[in-house]
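First the structure, in the form of structure tokens, and then the observations on it.
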Amino acid sequence: MGKDLNPPARVAVFGDPVAHSKSPQMHNPALEATGQGCQYIRFHIKPDDVREAFRALGPAGFIGTNVTVPHKGDAFAEVDSRTEIAERIGSVNTVLVDGDQLIGHNTDAPGMKRAIRENFAVDLSDLRIMIIGAGGGAGRAASIQCAMDRCERLVLANRTVEKVEKVKAEVAEFFDDDRLSGPADRLACIPWEPDALARELEHTDLIINATSVGMKASDPPVIPESLLQPHHLVYDMIYAPPRTRLIKAAEAVGARAANGLSMLLWQGALAFEFWFDVEPPIDKMAAGLKA
Ligand code: NAP
């Protein structure tokens with residue numbers, strides 16, 4: 001498992017497929033800059049080999065690993081303990097080897113939180129947020145993070161509305177306090193339909209696109225473009241293409257917008273910090289990601 005490399009591999013990403021992963025180009029400059037004396041590699045792990053791969057990490061001298069599709073659920077099951085955010089999301093994207101124990105963490109949603117702060121200089125707790133695609137994997141995780149941060153207001157939108165009804169029930173406890181009363185419910189779920197979106201966007205500061213709509217040039221608008229307003233902050237989790245139709249439409253009305261590259265960067269930076277307990281050299285990581 002990478003012992004014979006120079007420097008030796010001590011961190012990795014598990015995935016299937018994994019060749020497309022940008023994590024090595026982000027982490028290796030950070031490992032070099034902070035003098036860790038090791039490198040980060042990809043492991044293509046087939047579903048049948050997941051358990052053995054996790055169990056081999058410690059004996060092979062690994063500090064930890066990232067986990068990508070489709071193994072995040074398996075990682076959740078394989079670790080010995082988990083951080084609160086990983087526990088709540090039910091998926092693990094970062095594993096730390098601690099003696100003979102594996103600790104599971106999830107930096108995807110905290111990465112999104114940090115990306116919002118870096119892009120817009122505002123915290124989730126101060127925002128009225130709409131998450132479109134809140135019933136998907138990334139959208140549900142973002143919803144849990146926004147709820148844990150006790151955002152001002154959270155509107156969960158999804159094509160399949162049953163999925164966000166479940167998410168709403170999962171996060172309801174975070175809104176169950178005296179801030180509940182107000183002109184609009186602090187927690188709501190809506191279908192992905194123009195009328196419902198129009199009603200809620202009046203009371204929204206931050207719009208997060210967590211759907212895959214916008215990856216293809218032929219995709220429809222995520223929200224009717226006439227509903228975008230200059231005061232909106234728009235975060236599109238998509239980063240390829242870098243300027244989606246949603247981002248272009250937001251900028252056209254004078255709204256601020258950012259793509260998902262910063263989320264990818266910060267999930268990596270937070271994983272690096274979790275493994276090495278040092279401040280991640282974010283400029284080096286960002287440059288690596290763009291290389
Ligand atoms: P997922 O679990 O498959 O969820 C997909 C979501 O998109 C669901 O809410 C789905 O709605 C919705 N959707 C898909 N096609 C749609 C369509 N034609 N019309 C309306 N809604 C549609 O995927 P995921 O892993 O959460 O990823 C979602 C997006 O986030 C992807 O673009 C991915 O690249 C991005 N992402 C970015 C980062 C980052 O670091 N920047 C990290 C993770 C994910 P239904 O529930 O109705 O099917």
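Whatever order the structure lists ligands and atoms in, that order sets their numbers, starting from 1. The first residue in the sequence is number 1, and the count goes up from there.
Distance alone, capped at 3.5 Å, places no donor-acceptor pair between the Asp219 side chain and the Val213 backbone.
Remark: Leu57 CG to Arg10 CZ distance equals 12.0 Å, nearest 0.5 Å. Going from atom OG1 of Thr68 over to atom NE2 of His20 covers 5.0 Å, rounded to the nearest 0.5 Å.
For Lys113, the side-chain hydrogen bond (donor to acceptor under 3.5 Å, both in side chains) partners are Asp149, not counting sequence neighbours.
Residue-level contacts of ligand 1 at the 4.0 Å heavy-atom threshold are Gly133, Gly136, Gly137, Ala138, Asn158, Arg159, Thr160, Lys163, Trp192, Ala210, Thr211, Ser212, Val213, Met215, Met237, Ile238, Tyr239, Gly260, Met263, Leu264.
Sorted by first and then second residue, the salt bridge (Lys or Arg N to Asp or Glu O under 4.0 Å) pairs involving residues 26-50 (not counting sequence neighbours) are Asp16-Lys46.
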In a table with atom names and distances, give each donor-acceptor pair under 3.5 Å that connects a side chain of residues 131-142 to protein atoms at least two apart or in another chain.
unit_1	atom_1	unit_2	atom_2	d
Arg140	NE	Glu170	OE1	3.0
Arg140	NE	Glu170	OE2	3.4
Arg140	NH1	Ile89	O	2.8
Arg140	NH2	Arg88	O	3.4
Arg140	NH2	Ile89	O	3.3
Arg140	NH2	Glu170	OE2	2.8

